[in-house]
Number of protein chains: 2
Amino acid sequence: MPTIQDVARDAGVSTATVSRVFSAPDLVLEGTRQKVMEAVARLGYEPNFAAKSLRTLRTEKILVTVPDISNPFFSRVIRGVEEAAHAAGYSVLLGDTRHQEEREEQYATMLRRKEADGLIFLGHRLPDTLADMVAAMGPRTPIVNGCEFAPDLGVASAHIDNTAAAQEVMDHLYGLGHVRVGVITGPLASPLSADRLAGVRAAAERHGQADALQVITGDFTIESGLLQATELLARPLRPTAIFCFSDEMAMGALEAIRRAGLVCPRDVSLVGFDDIRFAEYLAPQLTTVSQPMDAIGHEVVRLLLDILKGRATTLQQVTLPHRLVVRASTAAPPAA
Amino acid sequence: MPTIQDVARDAGVSTATVSRVFSAPDLVLEGTRQKVMEAVARLGYEPNFAAKSLRTLRTEKILVTVPDISNPFFSRVIRGVEEAAHAAGYSVLLGDTRHQEEREEQYATMLRRKEADGLIFLGHRLPDTLADMVAAMGPRTPIVNGCEFAPDLGVASAHIDNTAAAQEVMDHLYGLGHVRVGVITGPLASPLSADRLAGVRAAAERHGQADALQVITGDFTIESGLLQATELLARPLRPTAIFCFSDEMAMGALEAIRRAGLVCPRDVSLVGFDDIRFAEYLAPQLTTVSQPMDAIGHEVVRLLLDILKGRATTLQQVTLPHRLVVRASTAAPPAA
DNA sequence: GTTACGGATGATTTCGATTACATCAGCGCG
DNA sequence: CGCGCTGATGTAATCGAAATCATCCGTAAC
């Protein structure tokens, strides 16, 4: 592998000039630039990344951690992140934490070792060591949270208004005439689930149906949707509608409905959350809350770059628009 | 950020000793090690990654490129890759090429700049500049291909036997009594599609049904499954079974079947490929070929590490086991 | 015609770790 | 008692590029 020295020698200039050709071409005479570029082409020179990074203290890399990359919601957000990062000349270091705190800490270490310029995390936990960093650096900490909204972490974030979205779902169901509504939440440790549940409760109270709510906790997976919906459907006062906090759980719930010998939406209405690509290809097509997954990905990158470029002075927490997409899985409850 | 110098001073030793504490602890006296570790803890020292990488010429990073991370098949393979890489102390640089050759080249550049120790690519194209590298380094080139099998590229790979898998699918359909079988392939530029098609053709000929095959090209997306299946179902001699080269296309085909007022599997049997998590939650549950996505991910990492550690002298191309999973979407053709 | 200035380029230091080589103390052995 | 060896540690070169400071040359101003 040729180095900048080799190029300099070959082009008959100093290494400083070669370096300038890349980083500040307008400081170099056109003829000299040509000579250097020819030498570069001739030798097949590529600047060594580690050397550059050591000198500049920049890596042009963004570390992105995600609880589970095989989840279509997250993988779509990641795609948006990758797209925006790539457009800005950054590349993406992927960390799949598998919901494990230990792994989150390990990835946090990478940030402290300067293996990446910043961190985007899509979970809801901020590793302790990074919390210290936030305390020290304030709104200039190069850490951004996506999807969740945990104001007390003190990091920039991009997310939807989960509370409002959940309320809209409930309004839709109550509007159709449902009374007994089952709700399968995600783990309540995540603010995202807590917010949605708050929205559910607020709407229920507004409609005077708080007592008819049947809340049960899931973990966002298909299997837990199947399990919890089965449980809900076996109750004597079976809900006529089920609201799942993820489309995956709704897929499981749909299977539970079928196994119970019921038909969606005739017997039981079903609502999901996220609007992953598969939601509209289920039978029946799934009513769900559409999250702007691409936009969230782009936005978290924008927020992080603002911080890295020193453009951010205050803490930015951005709420992006969601949309209730009513499809075929919700209808009026059975006449009873 | 404290440096190794600061730690050395604080601990009253030389930088060499500090370095040894991390990279070769048994060369250091226990007491000295303690002193150093205390200084490290006191100052909150983390070795600078760029400096280390510059000196050692290693990055402990693996670049992984994928045509589309939001595809559940790929995201699952990636999860396997991340898992195996992490277990071996490597981290993953993710590149989403969006099927674009230009992007593939850009990521190839990262390898040449030594931003990663090796490359795992899940598409079927090897950028030109890397082909040169392969030509020069032979089986020691730190590049591994996953999922596809293109022997002429000369890179290590892990994949299933696509030809055999496709034959099994066709045998299953012919065994059920189907004659007119529609096949929706992927882009034929990929060896993977070509291999499967070869398997389809071989089986058709073996069963004397080559003329009844109805092959049409898709692009692995739900939308193309919907489109191409609609086209197949509109033909006068409608196929009684459709074999899609991906589960996503099968989801689209399922929708096409519904829209045509038909019922799967009563009127039309359907087979997918990959066995993504959602396949068994479709209605009807999808018959498909299960690919060992986790194992592919683990295996490509193993192959790459073998090369990086100098353990590989010959070109390794590994075939992993697949499995035809018969579920509810295939049945005997209608009596007609 | 000297001075001053600015544009182009070169010489050299620097980033922070690793590592080959040097040093030094202690010990066993003849 | 001195030689040589081994084990622990220090000294200093090195990785490859970026950036500071120095230098050189030509030109415009007085």
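Each chain gets a letter, A, B and so on, in the order its sequence line appears, and its residues count up from 1. Owing to the predicted nature of the structure, the values given are computational and were not obtained by experimental measurement.
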Problem set entry | N-O pairing of E82(B) and R79(B) below 4.0 Å | no

Exercise. Does K61(A) make a cation-pi contact with F49(A) (under 6.0 Å, within 45 degrees of the axis)?
Worked result: yes

Problem set entry | For atom CG of D26(A) and atom C1' of dG7(C), their distance in whole Å | 12 Å

For this session: Hey, can you tell me if H159(A) and F149(A) have their rings parallel, tilted or perpendicular (30° and 60° cut-offs)?
Result: parallel

Problem set entry | Distance in angstrom units between L27(B) CG and dG10(D) C1', rounded | 14 Å

Identify the pairs formed between an N or O of the protein and an N or O of nucleotides 14-21 of chain C at a distance under 3.5 Å, and give each distance.
residue, atom, partner, partner atom, Å
dT14(C), O2, R55(A), NH1, 3.0
dG16(C), N2, A51(B), O, 3.4
dA17(C), OP1, Y45(B), OH, 3.1
dA17(C), OP1, N48(B), N, 2.9
dA17(C), OP2, I4(B), N, 2.2
dA17(C), O5', Y45(B), OH, 3.0
dT18(C), OP2, S19(B), OG, 2.6
dT18(C), O2, R55(B), NH1, 2.2

For this session: Could you tell me whether the phosphate oxygens of dT9(D), OP1 or OP2, come under 4.0 Å of any side-chain nitrogen or oxygen in T32(B)?
Result: yes

Exercise. Do E83(A) and D96(B) come close enough that some side-chain heavy atom pair is under 4.5 Å?
Worked result: no

For this session: Determine the sole option in V40(A), L27(A), V28(A), V7(A) for which the side-chain contact (heavy atoms from CB on, under 4.5 Å) test with V21(A) is passed.
Result: V28(A)

For this session: Only one of L304(B), V155(B), L305(B), L303(B) passes side-chain contact (heavy atoms from CB on, under 4.5 Å) with P142(B); say which it is.
Result: L304(B)

Seminar exercise, completed: When rounded to whole Å, the NZ to P distance for the pair K35(A) and dA8(C) reads 14 Å

Exercise. How would you label the contact of G12(A) with the nucleic acid (heavy atoms, under 4.0 Å): base, sugar-phosphate, or nothing?
Worked result: sugar-phosphate

For this session: Find the distance R33(B):CZ to dG7(D):C1' and express it as a whole number of Å.
Result: 17 Å

Exercise. What bend angle does the helix from dG1(C)-dC30(D) to dG30(C)-dC1(D) show across its length, from five-pair end axes and to the nearest 10 degrees?
Worked result: 50°

Problem set entry | Close side-chain approach of E148(B) and S190(B), heavy atoms under 4.5 Å | yes

Problem set entry | Any I296(A) side-chain heavy atom under 4.5 Å of Q291(A) side chain | yes

